[in-house]
Q: 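The structure under discussion is supplied below as structure tokens; questions concerning it will follow.
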Amino acid sequence: MAESHEKFYITTAIDYANGDPHFGHALEKIGADAIARFHRQLGRSVHFLIGMDEHGQKVAQTAAAQNVDPQAFVDAVAARFRGTWDRLSISYDQFIRTTDGAHKSGVRALIKRIHESSPDNFYEKTYEGWYCVGCELFKRDDEIVDGKCVLHPTRELQWTQERNWFFRLTKYQPFLERLLAERPDFIQPESRRNEILGLLAQGLEDISITRSKLAWAIPFPIASASGEQQGTWVWFDALPNYLTATGYPGKEWRNRWPAQLHIVGKDITRLHCVIWPAMLQAAELPLPERVWAHGFISFGGERFSKSAGVKIDLDETISRFGPDAFRYFLLREIPFDGDGTFSLERFDAVYTSELANGLGNLASRVIAMVEKYCDGIVPNAAAHIDLDALDSADLTAARAAMDGSHGYLCHEALACVARLTERANLHIQQTQPWALAKDASNKAKLDETLAVLIRSLARQAAYLAPFMPGKAQALWSQLGAPGTASEAMFATVEQLSATGWHVNKEGGLFPRPEQPPKAG
RNA sequence: GGCAGGGUAGCUCAGCUGGUUAGAGCACGGCACUCAUAAUGCCGGGGUCGCGGGUUCGAGUCCCGCCCCUGCUACCA
């Protein structure tokens with residue numbers, strides 16, 4: 001594995017400040033955090049950006065409904081989000097908010113640059129059409145069936161008109177087609193890329209990028225013919241956060257831009273794969289290298305929604321087994337390239353079988369044997385055996401799952417690490433250290449067995465660190481390993497020798513639930 | 001409506017260009033072991049591979065029709 005110090009600028013979608021963080025937000029941040037941490041341990045120079053999207057009509061309305069100033073409202077929401085991210089150990093390097101002064105001036109600078117590079121990029125037009133109150137959108141003819149919006153067939157459409165600034169998106173259609181053709185990895189996974197290809201095949205339309213009655217927004221920086229000052233459409237405000245976070249248009253922005261990876265939800269891929277690249281191209285700025293669209297969590301079945309008033313609360317669920325177990329479950333169970341379901345039964349089952357009975361018990365039995373048979377000091381038996389090589393193959397596969405060559409498949413990487421746990425448990429059964437310990441002539445074999453098991457646990461701790469930073473560190477320190485699990489570079493982990501480490505069993509890593517919670 | 005993907009053991013899924021008795025994990029039953037968080041290891045029960053036709057020596061795997069599910073169908077975020 002080639003160690004690389006290249007920069008890795010990774011972003012997540014900024015969250016809309018119109019409510020509290022929920023499972024969907026958490027899945028994205030946890031996944032992005034695992035990717036960021038994994039790449040740090042690959043030796044990359046990572047910068048991990050998250051933040052809040054705080055403008056728009058809905059924010060203003062919600063604030064008004066609560067009788068608070070919009071800024072005070074979003075300040076409070078942002079504080080709650082940060083609280084959740086801190087609790088979940090999201091290792092972000094920067095937290096941007098679209099109400100930050102630097103962001104607002106950065107967006108205005110970007111819009112002016114788009115305008116200056118070609119005034120033709122923007123134009124004013126009176127738009128009129130059928131407006132669906134349900135969607136809060138103007139609908140195109142092909143979205144109207146029998147005079148009703150296909151998505152809200154029970155609502156009446158309203159004929160509305162408004163004069164707005166438009167962005168000439170159509171001008172960039174050939175550019176976008178070339179982009180997707182020349183850089184097949186620009187959008188991953190492939191199913192999302194195909195959707196964008198389908199969209200391009202339909203043909204793009206220019207988009208309106210200002211709103212006349214939008215006060216809680218960045219004022220659009222170009223003077224209109226009528227002199228009316230309009231608010232910038234939220235996405236034209238939000239998308240540039242990835243760029244303004246680098247300091248744009250100050251001098252230093254080129255040190256970080258372009259981003260290596262945008263992590264977004266599958267519902268906003270087109271904003272990131274069509275509009276954002278077109279904006280950057282219009283501004284003659286470099287494009288991000290890749291957009292990864294993850295899937296969603298659903299709560300399968302009616303079990304919970306039906307049982308009156310019972311709803312799955314994020315904070316309570318995190319508290320069930322702690323933040324690390326929660327992270328593990330989401331990343332292990334929900335394929336990061338598709339959708340998955342969350343249920344408490346499944347959470348309990350995975351926690352018990354994989355974390356408590358699997359990894360937790362493995363650590364417990366191995367450490368106990370080193371204490372009992374070797375006075376707590378890992379014996380000198382550095383020779384690597386088959387088990388080391390087999391582990392190594394799985395860890396190579398784990399890196400392949402996370403390095404972007406096939407996407408960012410956290411669930412696959414965790415499946416690889418889980419194989420180390422199973423292998424170590426099987427190895428104990430086969431070598432039976434307790435039997436070896438009864439006869440001093442077996443000392444060498446006993447030492448070799450315990451040493452390789454500690455090495456395996458150390459590898460597991462290092463590779464689990466991106467996914468469960470807290471528990472990985474707890475295991476790392478129980479093994480008596482030097483430094484921290486999160487700072488253990490993958491390139492060196494497989495060469496490590498645990499000889500001389502002082503193990504210390506400080507209680508169970510993943511205690512079994514007192515009584516198996518029966519949901520339902 | 002259009003486009004795309006999917007329907008395989010109780011649950012979550014794997015099954016590449018068609019070929020021996022359809023696989024894994026979890027759950028369930030039995031056995032072994034005792035270092036360990038009554039954990040671990042081994043063995044086992046369990047499937048008309050959505051439905052109906054067709055091609056073929058042979059189809060979960062190809063073709064046609066039907067049923068069902070999911071996603072996308074851009075200026076709410």
Side-chain angles (χ1 to χ4, degrees), chain A residues 13-19 53-59 127 132-140 142-143 145-146 150-151 164 166-167 169 190-192 194-211 233-238 265-271 273-275 295-296 298 300-301 333-335 338-341 343 345-346 349-350 352-373 411 415 418 421-422 424-437 449-450 453 505 507-513:
Chain A
I14 50 178
D15 297 310
Y16 196 56
N18 191 34
D53 180 10
E54 303 184 323
H55 288 127
Q57 196 174 9
K58 286 186 178 175
V59 167
Y127 191 81
C132 173
V133 179
C135 298
E136 297 183 39
L137 294 176
F138 285 102
K139 308 306 288 188
R140 300 183 308 184
D142 61 359
E143 294 173 302
V145 174
D146 297 332
V150 285
L151 302 176
N164 298 130
F166 276 69
F167 174 53
L169 186 60
E190 199 173 345
S191 55
R192 300 299 150 200
N194 290 338
E195 287 177 6
I196 299 301
L197 287 171
L199 182 65
L200 290 173
Q202 275 178 46
L204 300 176
E205 292 178 13
D206 292 343
I207 53 174
S208 69
I209 55 164
T210 62
R211 296 290 179 277
W233 171 47
V234 283
W235 276 106
F236 235 69
D237 166 351
K266 65 180 185 179
D267 55 333
I268 53 173
T269 39
R270 75 191 79 76
L271 281 311
C273 299
V274 175
I275 297 175
F296 289 151
S298 66
E333 280 289 296
I334 303 191
D339 297 335
T341 55
S343 76
E345 296 102 312
R346 188 75 184 148
V350 170
T352 302
S353 75
E354 296 190 9
L355 295 179
N357 296 351
L359 179 61
N361 183 241
L362 172 68
S364 174
R365 64 197 303 208
V366 171
I367 292 169
M369 286 191 283
V370 172
E371 288 182 337
K372 185 177 283 191
Y373 305 138
H411 59 294
T421 309
E422 291 166 21
N425 270 322
L426 181 57
H427 188 71
I428 294 173
Q429 185 66 26
Q430 290 171 339
T431 53
Q432 307 204 349
W434 55 89
L436 296 174
T449 298
L450 295 179
L453 288 169
K505 192 172 176 180
L509 224 41
F510 300 101
R512 290 171 63 86

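It should be emphasised that the depicted structure is a prediction, and the values quoted were computed from it without experimental measurement. Below, chains carry the letters A, B, ... as their sequence lines are ordered, and counting in each starts from 1.
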Q: Between B:G45 and B:A22, how far apart are the P atoms? Round to whole Å, please.
A: 13 Å
Q: In whole angstrom, what separates A:Glu333's CD from B:A24's C1'?
A: 14 Å
Q: Please report the distance, rounded to the nearest Å, between CZ in A:Phe236 and C1' in B:A74.
A: 14 Å
Q: Which heavy-atom pair separates A:Cys273 from A:Ile196 by the least distance, and what is that distance?
A: CB-CG1, 4.1 Å
Q: A:Leu169 near the nucleic acid: base, sugar-phosphate alone, or nothing, with a heavy-atom cut-off under 4.0 Å?
A: base
Q: Say we look at B:U8 and B:A14: how far apart would their P atoms be, to the nearest angstrom?
A: 10 Å
Q: Can you check whether A:Gln432 reaches A:Leu436 side chain to side chain, under 4.5 Å on heavy atoms?
A: no
Q: Within this structure, what is the CD1-to-C1' distance between A:Ile196 and B:G71, rounded to whole angstrom?
A: 12 Å
Q: Considering only atom C1', compute the distance from B:C16 to B:G52 and round it to an integer number of Å.
A: 28 Å
Q: Mind checking what makes side chain to side chain contact (heavy atoms under 4.5 Å, CB included) contact with A:Ala13, not counting sequence neighbours?
A: A:Glu28, A:Tyr242, A:Ile268
Q: Without decimals, in angstroms, what is the distance between A:Leu200 CG and B:C72 C1'?
A: 13 Å
Q: How would RNA chain B look in dot-bracket form, 5' to 3', counting Watson-Crick and G-U wobble pairs with both distances under 3.5 Å and writing | for bases paired to another strand?
A: (((((((..((((.....[...)))).(((((.......))))).....(((((..]....))))))))))))....
Q: Has A:Trp235 got a side-chain N or O lying under 4.0 Å from the OP1 or OP2 atom of B:A74?
A: no
Q: What integer distance in Å separates A:Gln202:CD from B:G2:C1'?
A: 9 Å
Q: How close do A:Pro335 and A:Gly340 get, heavy atom to heavy atom, and via which atoms?
A: CD-CA, 4.5 Å
Q: Can you give one letter per nucleotide of nucleotides 30-45 of chain B, going 5' to 3': B for a protein heavy atom under 4.0 Å from the base, S for sugar-phosphate only, - for none?
A: ---SSBBB-SBSS---
Q: Can you tell me, in whole Å, how much space there is between the P of B:G71 and that of B:G30?
A: 42 Å
Q: Determine whether A:Trp235 and A:Asp53 make a side-chain contact, defined as any pair of heavy atoms from C-beta on separated by less than 4.5 Å.
A: no
Q: Flag the pair A:Ile428 / A:Leu453 as yes when at least one side-chain heavy-atom distance between them is below 4.5 Å, and no otherwise.
A: yes
Q: Roughly, in whole Å, what's the span from CG in A:Leu199 to P in B:C3?
A: 16 Å
Q: What is the distance, to the nearest angstrom, from the CG atom on A:Leu197 to the P atom on B:A4?
A: 13 Å
Q: Across the strands shown, which category fits A:Ile209 at heavy-atom distances under 4.0 angstrom: base, sugar-phosphate, nothing?
A: nothing
Q: Considering only the C1' atoms, how many Å lie between B:U17 and B:U21, rounded to the nearest integer?
A: 24 Å
Q: What is the distance, rounded to the nearest whole Å, between atom CD of A:Glu195 and atom P of B:C72?
A: 7 Å
Q: Just call it for A:Ser208: base, sugar-phosphate, or nothing, with non-hydrogen atoms closer than 4.0 Å on any strand.
A: base
Q: Can you sort out the partners of A:Lys372 under side chain to side chain donor-acceptor pair (under 3.5 Å), two or more places apart, ordered by chain and number?
A: none
Q: For B:A4 versus B:C26, give the span between their C1' atoms, rounded off to a whole number of Å.
A: 31 Å
Q: Considering heavy-atom distances to RNA chain B, does A:Phe166 or A:Asp339 have its closest nucleotide positioned more toward the 5' end?
A: A:Asp339
Q: Between A:Lys505 and A:Glu371, does at least one N-O distance fall below 4.0 Å, as a salt bridge requires?
A: no
Q: With the side chain counted from C-beta on, respond yes when A:Gln429 and A:Asn425 share a heavy-atom pair under 4.5 Å apart, and no when they do not.
A: no
Q: Looking only at atom C1', what distance separates B:G18 and B:A59, rounded to whole Å?
A: 6 Å
Q: Distance check, C1' atoms only: B:C33 and B:A27, in whole angstrom units.
A: 23 Å
Q: Got a sec, which residues hit side chain to side chain donor-acceptor pair (under 3.5 Å) with A:Thr210, two or more places apart in sequence or on another chain?
A: A:Gln230
Q: With A:Thr269, which residues qualify under side chain to side chain donor-acceptor pair (under 3.5 Å), at least two apart?
A: none
Q: Looking across every strand, which nucleic acid part, if any, lies under 4.0 Å from A:Asp267 by heavy atom: base, sugar-phosphate, or nothing?
A: base
